[in-house]
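Right, one structure below, let's go through it.
Heads up: numbering here begins at 1 and tracks the sequence. Model, not experiment: these values are computed from the prediction.
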Amino acid sequence: PANSSEFLECLFGSNASLTRGQIGNLLDLIPDDVAEAVNSLLRTSLVTREHEGTSESYALSSSVRDLLLRTPSPDNSRRVV
């Protein structure tokens, strides 16, 4: 999805895992767009899901964090976030 890149950059910019609501607020996305990006990225090894009680949060896998640190996104996603 179009928002996947921004989603990854949002997680990269955070030192903690984020909930769907937090990501939606930070990126100014509607819940359906956040859900689409989450569902798409969870099918890969780019994002991990963490369960805390009844809520879920998401974080970058450590290898992806290292990659994004060394190789900035080719589009404007990092500047947007």
Can Leu69 be reached from Leu46 by stepping across I, L, V, M, F, W or Y side chains whose heavy atoms are under 4.5 Å apart?
yes
Indicate yes or no: at least one non-hydrogen side-chain atom of Leu8 is less than 4.5 angstrom from one of Val47.
yes
Would you say that Ser14 contacts Gln22 through its side chain, given a criterion of any heavy-atom pair below 4.5 Å between the two side chains?
no
Testing the basics here: between [X] and [Y], what is the closest heavy-atom pair and its distance to 0.1 Å?
X	Y	value
Cys10	Leu18	SG-CD1, 3.8 Å
Leu60	Val64	CD2-CG1, 3.9 Å
Ser45	Ser61	O-OG, 3.1 Å
Arg20	Val34	O-CG1, 3.7 Å
Glu9	Leu68	OE2-CD2, 3.9 Å

Answer yes or no: does atom CG of Asp28 have more than 12 heavy-atom neighbours from other residues, nucleotides or ligands under 6.0 Å?
no
List the steps and the verdict of side chain to side chain contact (heavy atoms under 4.5 Å, CB included) for Val38 and Phe7.
CA-CA 8 Å; Val38 166; Phe7 189 98; 3.4 Å; yes
Taking atom OG of Ser17 and atom CZ of Arg49, what is their separation to the nearest 0.5 Å?
13.0 Å
Does Leu11 offer a backbone N or O that forms a donor-acceptor pair with the side chain of Arg65 under 3.5 Å?
yes
